[in-house]
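Computation of the quantities below employed the complete heavy-atom set of this structure, encompassing side-chain atoms and omitting hydrogens, waters and symmetry-equivalent molecules. As the structure is a computational prediction, the values presented were derived from the model and not from experiment. Chain identifiers are assigned alphabetically (A, B, ...) following the order of the sequence lines, protein sequences preceding nucleic acid strands; residue numbering begins at 1 within each chain.
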Protein chains: 2
Amino acid sequence: MPNVIFRYEDGTATKVAVTAGENLLEVARKANVAIDAPCSGNGSCGKCRVKFISGELDSVQTRHITDEDYAEGWRLSCCSKVTGDVEVLVPDIASAYKSRMKVADLSSPEEVAIFDRAKQDVADAGITFENDFSVVELQMTAPSLEDTMPDNERLSWAIEAATGIESVKLTYHVLKKLPDALRDNEFHVNVVLKKLHHSVLVYDVVPVTEERICGAAIDIGTTTVSAVILDLRDGKILAKASAGNGQIRYGADVINRIIESRKTGGEAKLQKAIIDETLNPMLHNMCRAAGIQGSQIYHLCVASNTTMNHLLLGVNADPLRMEPYIPDFFETEDVSAYDLRLDVHPNAKVIIAPNIGSYVGGDITAGTLVSMIWNKPEFNLFIDLGTNGEIVFGNSDFMMSCACSAGPAFEGGDISCGMRATDGAIEACSIDAKTMEPTFSVIGKEGQKPVGLCGSGIIDVIAELFRCGIISPKGKFVREGDRVRHDHYGIGSYVLAFKEDAAGHKDVEINEVDIDNFIRAKGAIFSAICTMLRSLDFDVSMIENVYVAGGIGSGINMRNAVTIGMFPDVEIDKFHYIGNSSLTGAYNMTLSTEAEQKVHDLAHNITYMELSTDPSYMDEFVAACFIPHTNTALFPSVKQEEI
Amino acid sequence: MPNVIFRYEDGTATKVAVTAGENLLEVARKANVAIDAPCSGNGSCGKCRVKFISGELDSVQTRHITDEDYAEGWRLSCCSKVTGDVEVLVPDIASAYKSRMKVADLSSPEEVAIFDRAKQDVADAGITFENDFSVVELQMTAPSLEDTMPDNERLSWAIEAATGIESVKLTYHVLKKLPDALRDNEFHVNVVLKKLHHSVLVYDVVPVTEERICGAAIDIGTTTVSAVILDLRDGKILAKASAGNGQIRYGADVINRIIESRKTGGEAKLQKAIIDETLNPMLHNMCRAAGIQGSQIYHLCVASNTTMNHLLLGVNADPLRMEPYIPDFFETEDVSAYDLRLDVHPNAKVIIAPNIGSYVGGDITAGTLVSMIWNKPEFNLFIDLGTNGEIVFGNSDFMMSCACSAGPAFEGGDISCGMRATDGAIEACSIDAKTMEPTFSVIGKEGQKPVGLCGSGIIDVIAELFRCGIISPKGKFVREGDRVRHDHYGIGSYVLAFKEDAAGHKDVEINEVDIDNFIRAKGAIFSAICTMLRSLDFDVSMIENVYVAGGIGSGINMRNAVTIGMFPDVEIDKFHYIGNSSLTGAYNMTLSTEAEQKVHDLAHNITYMELSTDPSYMDEFVAACFIPHTNTALFPSVKQEEI
């Protein structure tokens, strides 16, 4: 059996034995080597580049690999067959998109401020921050030959005496640990209780020194997963982490994931990728950071789009993507941690933030809670920019929502030098209209060289290229210069950083294909807004505020987003970036039973509009695939520089 | 690493790589090679004999291995260290005690008659045979662009329309399979419902051709495990199986098992032995025999002694064996199949028949139900003969129970040629008083040669040896003959079958040590009966009926059991063998919610008497360690033959 060695730029390596003839991308997937393949390995995206070092590899050269690249050793792993021992380099650019897991440093105040703010906003609207969990200290007498009551009855009597509640039930977890927990602590313990209708359920028996009762809030994005562990008593954030969604190697968007899940064993494979490879490692790391056991997490809330929560539950999601687009569920009731094999307390209930349509899911209903648009008389717009773009418009009387498929462009997908907003990403950029020289800021330590472009960076670059007249409203290069060049297919590109100034192994650039992809993404968003407003006989002037959420990052330049025609041309101070509203919404739902109920109420009150069956949407979309728009009257503030 | 090859008499073999210096019995345990070690490997029982074939083995010769045996290759595996490659023979006698799993042939009417009878008796006492499960057929309209309700809501509405119950909850199992189950069956399905207080829980969605809803009743004995799968609608037995308790290699009795469970990882190991190695294989085989999926078993009842149900739940059982003898629980409420990783429907509730003391468990409370002594005005005695002996005495007004440690003798343990009542066991025997020649019947096919003696056979042999004056009331050999001999320690024995007429590799015999062990076992039972009756100021004349249950088998000769002083000397027609009452009791509890409740009521009404703290019990026991008893007046009907 041939051996494949994957080397990383940090000097580490993964070695794996394979069957001759195996596809290199498949080999990488099985070995958990993170190589991006947004197109799911069909050769169309060109992202899965690896550099051949030595050995045997049978590769097809595609349009994504120039002759020069090929000569340097660059290959697409999806177009390569392993024919013998081989050693390849996995460049950072290929694995940066799926960044390594990151546990946040909570000493930084901004990491937790957003949760405090989201909680305060919801509390100010009259939602009570209470849940069903409590900790009670018990002192029991030890058994003797005269008092031989079994341990579980002894505990139940003590709880009844302490709480006045007659019906006490013990989880299996407690029944199992009880003899040791009582004797190790000389019958003096804290119990963790969950109040049910007419009874209490005992979740845990712990030493009296342990008072924490924890919950977890999880945002499962198509690309990125974020989570926090919180104290259920006061909402304090105990740990926070983010990681790439382990399913990404099975496709960048929900449609490719669903298709992959329908292959033999696919549902289990996709479920394993999110649970065993993403969520459980995140939970382990967060528990370690918080100094708790997984079994001390008694309550969870997951906010995610409809496809993600279907795949999380291992449910056949195929009916979601095929007419008439039917989900298995909007709401779930009885999903527990043991059902999903999550490494928390097995009886922890997993609240799934409710879906309202096949393409508007729990990330949006949870996000709507913290957008606060449901609590105001004026009309506001809430936009969540993810791999799918979702929009909610309305006020305290009425709300409507729709979704559009923006694709992964906002998170750096479908863009040749695109990447997530992590170290090495250009997150902001301006261009000198005369010299066409760029000035940019790069995420990371002082002196970090650019690796690629994240969503906010791409918006800036395209807006600046347009403002400077370097590209036309159609996104084609119309000026010449050192940084503008055309390949032998005639495709123009603009170089932000030449190879020698970049951290990767090639120029950081943006080309006409990238710009075209991004124009489609922003066009999808803008046309969704227009279609929805028109269906209500509204126009953009009636929008009081625009709340923008999502992984595109706080670095988003709203002015530039208007310039490229992504957002409607309203006063810039009406735009507010509210961060990861899916996660902060889930945080509120975990902490407050009333907030959880409120999200369900909101879900029932938001009207879902299916864009794919609206005949005018396609016309709107085509008209929006210009910079800023074919109808420039919609963007009176957008001007190109006079050169 | 040296290799150990275990060869069996049927020609099969198990090969395992070990570390040099490992104990051979430990190696066998890890490799799941069934070698009996009732003493848990401390060298005292002499049952773990294997025959050295070739290679290297460092063995200590103990009193259990004669010089002749040693020369033939016989070794105790617990006293042998693996020093290099070695090959040993595991004789049938060593593995017969833990018989292979047996799935019953249900075409034999007596296999099911006992369940019908037990159900009828309980029904005649006014218990209703109803449970919370039902099957409902649903025809739904398929979704369309005009009717995009999610699958779970569609199902819930249809159930509400069919049953009138508004609150419908779906298990995760159903949520997960729903999209396929609905579409594969064109939205025409059967649903399995469990009625809760004010709602229904949907357990399954199946094709309309599938109407069965199944339950399982399981008796976990210290030595033997028996189980049935039944139809929850009508109680029909769909499959039946028995197997050795996989924990047996960690000790023959509950005390040795508890000690073993307290070693590192011991609780998990003991739990694995019963669940993964015993119950799940039995369930798989029964499901195959019944033609159902494990997930179609929606409800279970387990009846077992207190130690067995603690070890089943993976609970620290140490407080059971140490003063003041405290169980973790008498009753459990919330144990589910997923908690125990049983391969049935994950939401199946596992009812544990309630314990009433550290040594009177759910096997006795379930058995008391079917003994029917709770429903009669006259006083009756219920005796369950297992590795522990338990006794319940009383009537419809009052019941009292106690337990004594009989040891494994009734099931063939602690007896040199003892074995379970399986093929090759001498189950009945008579001896000619003049010639001292035995006549016996052997379990198995026509012509089966004897391997050893099961419980009923041992009772017969000892009773006959005593009746014929071959042994004294103290169990010592007092006549000489061809079949009576003494070894060089002076220990007498009686040969039932010489090596050439036996299936094993040695004579089938019974010696004075065996008889002494058995006298202690029967003495424990009889003295428990006496101590309990005396504490109530009763004597044996007030006993109307004696119901004998347990694995000793229907072959038990009550006359002989009285002769040896095991049972009180009352009219023989007052004795009734009622089979495995633990299993038939669990069967009733699985099938009928009222029967389950009745067992809990009985458990609350039976007074538990702790013999080990009763000062007169030891005197009674010493007096009972004779044949039939030191006080022969208690056994007026027992006479020795005049030779």
Side-chain angles (χ1 to χ4, degrees), chain A residues 142-154 168-183 197 201-202 267 271 306 310 313-320 323-336 338-340 346-347 350 355 357-358 608 610 613, chain B residues 142-154 168-183 197 201-202 267 271 306 310 313-320 323-336 338-340 346-347 350 355 357-358 608 610 613:
Chain A
S144 64
L145 280 175
E146 288 68 47
D147 171 13
T148 59
M149 192 183 269
D151 291 347
N152 69 339
E153 294 182 26
R154 188 172 304 273
V168 177
K169 292 165 191 283
L170 273 64
T171 58
Y172 173 65
H173 178 79
V174 167
L175 197 66
K176 196 169 170 180
K177 75 187 288 193
L178 193 55
D180 292 320
L182 292 183
R183 286 165 185 79
H197 283 301
L201 186 61
V202 189
E267 276 145 21
Q271 198 181 23
T306 309
H310 277 57
L313 265 54
V315 164
N316 175 4
D318 221 31
L320 282 178
E323 203 179 291
Y325 316 111
I326 306 298
D328 183 32
F329 57 87
F330 283 162
E331 304 187 9
T332 61
E333 276 183 279
D334 269 318
V335 179
S336 296
Y338 65 77
D339 286 329
L340 303 185
N347 294 98
V350 181
N355 304 318
S358 290
Y608 177 60
E610 177 61 58
T613 56
Chain B
S144 65
L145 280 175
E146 288 69 45
D147 171 12
T148 57
M149 191 182 271
D151 290 347
N152 69 339
E153 293 182 26
R154 188 173 304 273
V168 177
K169 290 166 191 285
L170 274 64
T171 57
Y172 173 65
H173 179 81
V174 167
L175 198 67
K176 196 168 170 180
K177 75 187 288 193
L178 193 56
D180 292 320
L182 292 183
R183 285 165 186 79
H197 283 298
L201 186 61
V202 189
E267 276 145 21
Q271 197 180 25
T306 309
H310 277 57
L313 265 52
V315 164
N316 174 4
D318 220 31
L320 282 179
E323 202 179 293
Y325 316 112
I326 306 298
D328 183 32
F329 57 85
F330 284 161
E331 305 188 8
T332 62
E333 278 184 278
D334 268 317
V335 179
S336 296
Y338 64 77
D339 286 329
L340 303 185
N347 294 98
V350 181
N355 305 318
S358 289
Y608 176 61
E610 177 62 58
T613 57

Visitor: Could you tell me the separation between the CD1 atom of A:Ile326 and the CE atom of B:Met149, rounded to the nearest 0.5 Å?
Guide: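 These two atoms lie 10.0 Å from each other.
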Visitor: Check whether any side-chain heavy atom of B:Lys176 lies under 4.5 Å from a side-chain heavy atom of A:Gln271, and answer yes or no.
Guide: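 Yes - at least one pair of side-chain heavy atoms lies under 4.5 Å apart.
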Visitor: Checking A:Asp334 against B:Thr171 for the side-chain contact (heavy atoms from CB on, under 4.5 Å) test, could you report, in this order, the C-alpha distance in whole Å, the side-chain angles of both residues, the deciding distance, and whether it holds?
Guide: CA-CA 6 Å; A:Asp334 269 318; B:Thr171 57; over 6 Å; no
Visitor: Between B:Phe329 and chain A, which part of the residue has a heavy atom less than 4.5 Å away: side chain, backbone, both or neither?
Guide: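 For B:Phe329, backbone and side chain are both near chain A.
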Visitor: I'd like to check A:Leu170 versus B:Glu333 (side-chain heavy atoms, cut-off strictly below 4.5 Å). Are they in contact?
Guide: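 A:Leu170 does not reach B:Glu333 side chain to side chain.
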Visitor: Please classify the contact of B:Pro346 with chain A as side chain, backbone, both or neither, using a heavy-atom distance under 4.5 Å.
Guide: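 The answer is neither part of B:Pro346.
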Visitor: Is it the backbone or the side chain of B:Thr148 that comes under 4.5 Å from a heavy atom of chain A, or both, or neither?
Guide: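 Both the backbone and the side chain of B:Thr148 come within 4.5 Å of chain A.
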Visitor: Identify which of B:Leu201, B:Asn152, B:Asp147 forms the greatest number of heavy-atom pairs closer than 4.5 Å to chain A.
Guide: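 The candidate making the most pairs under 4.5 Å is B:Asn152.
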Visitor: So, taking the atom named CG in B:Leu313 and the one named CG in A:Leu178, what distance separates them when rounded to the nearest 0.5 Å?
Guide: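 That separation rounds to 12.0 Å.
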Visitor: If you look at every heavy atom in A:Leu175 and B:Val315, which pair is closest and at what distance?
Guide: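 What the structure gives for the nearest pair is O-CG2, 3.7 Å.
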Visitor: Considering only heavy atoms, which portion of A:Val168 lies under 4.5 Å from any heavy atom of chain B: side chain, backbone, both, or neither?
Guide: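 Backbone only.
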Visitor: Roughly how far, to the nearest 0.5 Å, is the CG atom of A:Asp318 from the CG atom of B:Asp180?
Guide: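 Nearest 0.5 Å value for the CG-CG distance: 9.0 Å.
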Visitor: Do you know which two heavy atoms are closest between A:Pro179 and B:Asp328, and how far apart they sit?
Guide: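 Distance-wise, the nearest heavy atoms are CD-OD1, 3.4 Å.
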Visitor: For A:Pro143, is it the side chain, the backbone, both, or neither that has a heavy atom closer than 4.5 Å to a heavy atom of chain B?
Guide: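 Contact with chain B: backbone and side chain both.
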Visitor: Report the distance from atom OH of A:Tyr172 to atom OG1 of B:Thr332, rounding to the nearest 0.5 Å.
Guide: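 Reported value, rounded in 0.5 Å steps: 10.5 Å.
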Visitor: Please determine, among B:Glu331, B:Arg183, B:Glu153, the option with the most heavy-atom pairs under 4.5 Å with chain A.
Guide: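 Of the options given, most contacts go to B:Arg183.
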Visitor: Heavy-atom distances under 4.5 Å only: say whether A:Phe330 touches chain B with side chain, backbone, both or neither.
Guide: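 Both parts, backbone and side chain.
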